[in-house]
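Keep in mind that the numbers below use all heavy atoms, side chains included, and drop hydrogens, waters and symmetry copies. What you see is a predicted model; the values in this text were computed from it and never measured.
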Amino acid sequence: MDKAFRRPEASRDFAELLDTTSYTPLPDDWLIGITDVVDSTSAIARGHYKDVNFAGASAIAALGNAFGNFDFPFVFRGDGAAFAFDPGARDTAIGVLRRVAGYARDQLRLDLRIGLVEVKDIRAAGSDVKVAQFAASETATYTMFAGGGLNWADSEIKAGNHALLPCKEYTTPDLKGLTCEWAPIPSQRGDILSLLVEPQDHTRQEAFTVLTRQLLTALGARDGSSRPVPDDVVITDDVADYLGGKGWADVVLNSDYRRYDDVLRLTLDCTPEQIEEIEALLTSAKGRGEVYFGLHRQSHALMTCLVPTGARGAHLHFLDGMSGGYTAAAALLDAQKHTHQPR
């Protein structure tokens, strides 16, 4: 990471990070990268949900392996990822992303859209990119993003602007440490809920902060009671070796079932009553012009794991719902944005 940018101190309280006024702006000359699987809904419907998630996490793994570290800000978004890096890494990143898109095309039979936008262009368009750090455990820290800039960049790249082309001839990207071979995780409480909540105005988030903290409490996401990864799994020796000798408790703690990247993004194991309660809260908030939201229920969660080379104790676990997950929730959120005008 560029030494001119000082990484913000990590917080252990996720709810604290829903107040984005304390986030740190990224430098103007940094770049924002966006990837997403084109028509991931159809791929999931064909049963390729693991491939979609693997493609979504592949850019993170390949960039970290190429950079020699995973200190750059990144977030897994189900069928894609978002990340940031300093301008000195531009050429390396472009080569990596083009190889990752070629891998998705030739090995996974998926069209992975890729693109880069400079932070200064995002600010010129009226949005921003600010970051904070969430310490999920002693060994796993995840970046949170705010300011609306990721969503703006995502829309631009989907419109064909700032896009990169996949490499014409297949060249294997370095995906060491990335796996999606874990068995789907069944709900223990009723449903695995994939929930997205976005403020209608990213410059006025006071009501959003109050609402989403209320949601975290109602859903058991503050005390960990709704974590989809169960506590009582006995792991085999080969799994323990893969995790660098760490036990299953670290897998539970290091799972990113809650994150914020311009959108509150949750994968939770919930009761039907909890889901009904928060759907009513969100419907009221949408009517008041505060948020857009999308939610999707399914029977299982899916875990994609990354164990950075040379830092095996710092394994990361990306979560999504198995049967549509964030992709299905995003479709509902986008439909609200297209049919509802904020006050």
Side-chain angles (χ1 to χ4, degrees), residues 14-26 32 34 36 41 75 77-80 82 117 119 121-132 134 143-159 161 193-219 221-222 258-268 274-297 324-343:
F14 180 80
E16 178 182 278
L17 298 176
L18 294 174
D19 177 4
T20 62
T21 57
S22 62
Y23 280 42
T24 302
L26 288 178
I32 299 299
I34 300 287
D36 76 287
T41 300
V75 62
R77 303 176 110 188
D79 64 351
V117 185
V119 171
D121 292 334
I122 293 172
R123 291 194 173 119
S127 294
D128 203 355
V129 185
K130 304 181 293 181
V131 297
F134 172 54
T143 301
M144 308 290 123
F145 291 84
L150 293 193
N151 287 348
W152 183 87
D154 183 75
S155 296
E156 281 288 292
I157 291 166
K158 285 180 177 176
N161 303 318
L193 174 68
S194 299
L195 176 63
L196 302 179
V197 187
E198 181 181 353
Q200 290 193 15
D201 184 348
H202 286 273
T203 66
R204 299 179 60 195
Q205 289 200 293
E206 297 87 354
F208 176 83
T209 301
V210 172
L211 172 68
T212 50
R213 286 177 175 171
Q214 184 180 1
L215 292 177
L216 291 183
T217 299
L219 290 170
R222 296 191 77 161
R258 49 189 178 176
R259 69 196 84 144
Y260 186 76
D261 57 324
D262 284 344
V263 178
L264 175 63
R265 195 178 296 264
L266 302 173
T267 299
L268 301 173
Q274 284 177 310
I275 296 173
E276 290 173 7
E277 177 185 355
I278 65 99
E279 190 166 13
L281 286 171
L282 288 168
T283 299
S284 295
K286 173 180 171 289
R288 294 193 300 270
E290 296 173 3
V291 300
Y292 303 112
F293 71 95
L295 57 81
H296 182 70
R297 302 172 181 86
Y326 289 136
T327 297
L332 295 173
L333 186 150
D334 288 342
Q336 287 187 3
K337 294 174 74 170
H338 290 135
T339 59
H340 179 261
Q341 293 295 324
R343 294 178 181 179

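Here the CG atom belonging to Leu282 is positioned 6.0 Å from the CG atom belonging to Leu211, to the nearest 0.5 angstrom. Distance CG/Leu268 to CG/Leu295: 11.5 Å, rounded to 0.5 Å. One distance of note links CG of Leu333 with CG of Leu196; it measures 6.0 Å at 0.5 Å rounding. To the nearest 0.5 angstrom, Arg258 atom CZ is 12.5 Å from Thr267 atom OG1. With rounding to the nearest 0.5 angstrom, the CG atom of Leu193 is 5.0 Å from the CD1 atom of Ile275. One finds the NZ atom of Lys286 at 15.0 Å from the CG atom of Leu281 (value rounded to the nearest 0.5 Å).
Shown here for His296 and Ala329, the closest heavy-atom pair between the two residues is CB-N, 4.1 Å. Scanning all heavy atoms of the two residues, the minimum distance from Gly325 to Ser194 falls at CA-OG, 3.1 Å. The two residues Leu332 and Gly294 make their nearest non-hydrogen contact at CB-CA, 4.0 Å. Of all heavy-atom pairs between Gly289 and Gln200, the closest is O-OE1, 3.2 Å. Scanning both residues, Lys130 and Pro25, for their nearest heavy atoms gives CG-CA, 3.8 Å.
The shortest distance between side-chain heavy atoms of Thr209 and Thr21 does not fall below 4.5 Å. Contact check for Leu17 versus Tyr23: side-chain heavy atoms found under the 4.5 Å cut-off. Between Val291 and Phe208 there is a side-chain heavy-atom pair separated by less than 4.5 Å. For the pair Leu216 and Leu266, the minimum side-chain heavy-atom distance is below 4.5 Å. Put simply, the side chain of Leu150 reaches to within 4.5 Å of the side chain of Ile32, judged on heavy atoms. In this structure the side chain of Arg213 reaches within 4.5 angstrom of the side chain of Asp19, judged on heavy atoms. The side-chain heavy atoms of Gln274 and Ile278, taken from C-beta on, include no pair separated by under 4.5 Å.
Residues passing the side-chain contact (heavy atoms from CB on, under 4.5 Å) test with Asn151, sequence neighbours excluded: Arg77, Glu198, His202, Asp262, Val263. The side-chain contact (heavy atoms from CB on, under 4.5 Å) test applied to Ser127 returns Ile122, Trp152, not counting sequence neighbours. Remark: Thr24 engages Phe5, Pro8 in a side-chain contact (heavy atoms from CB on, under 4.5 Å) (not counting sequence neighbours). Shown here are the ring pair (Phe, Tyr, Trp, His ring centres under 6.0 Å) partners of Phe14, two or more places apart in sequence or in another chain: Phe134. The side-chain contact (heavy atoms from CB on, under 4.5 Å) search around Thr217 returns Arg222, not counting sequence neighbours. The salt bridge (charged side-chain N to carboxylate O under 4.0 Å, His left out) test applied to Arg123 returns Asp28, Asp128, not counting sequence neighbours.
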Open item on the list: side chain to side chain contact (heavy atoms under 4.5 Å, CB included) for Thr283 and Phe293? Distances and angles first, verdict last.
Closed with: CA-CA 8 Å; Thr283 299; Phe293 71 95; 3.7 Å; yes

TODO: Show your working on side chain to side chain contact (heavy atoms under 4.5 Å, CB included) between Tyr326 and Asp79 and close with a plain yes or no.
DONE: CA-CA 8 Å; Tyr326 289 136; Asp79 64 351; over 6 Å; no

Open item on the list: Working note: Lys158 + Asp36, criterion side chain to side chain contact (heavy atoms under 4.5 Å, CB included); need CA distance, chi angles, decisive distance, verdict.
Closed with: CA-CA 9 Å; Lys158 285 180 177 176; Asp36 76 287; 3.7 Å; yes

Task: side chain to side chain contact (heavy atoms under 4.5 Å, CB included) assessment of Asn161 paired with Val117 - done: CA-CA 9 Å; Asn161 303 318; Val117 185; over 6 Å; no

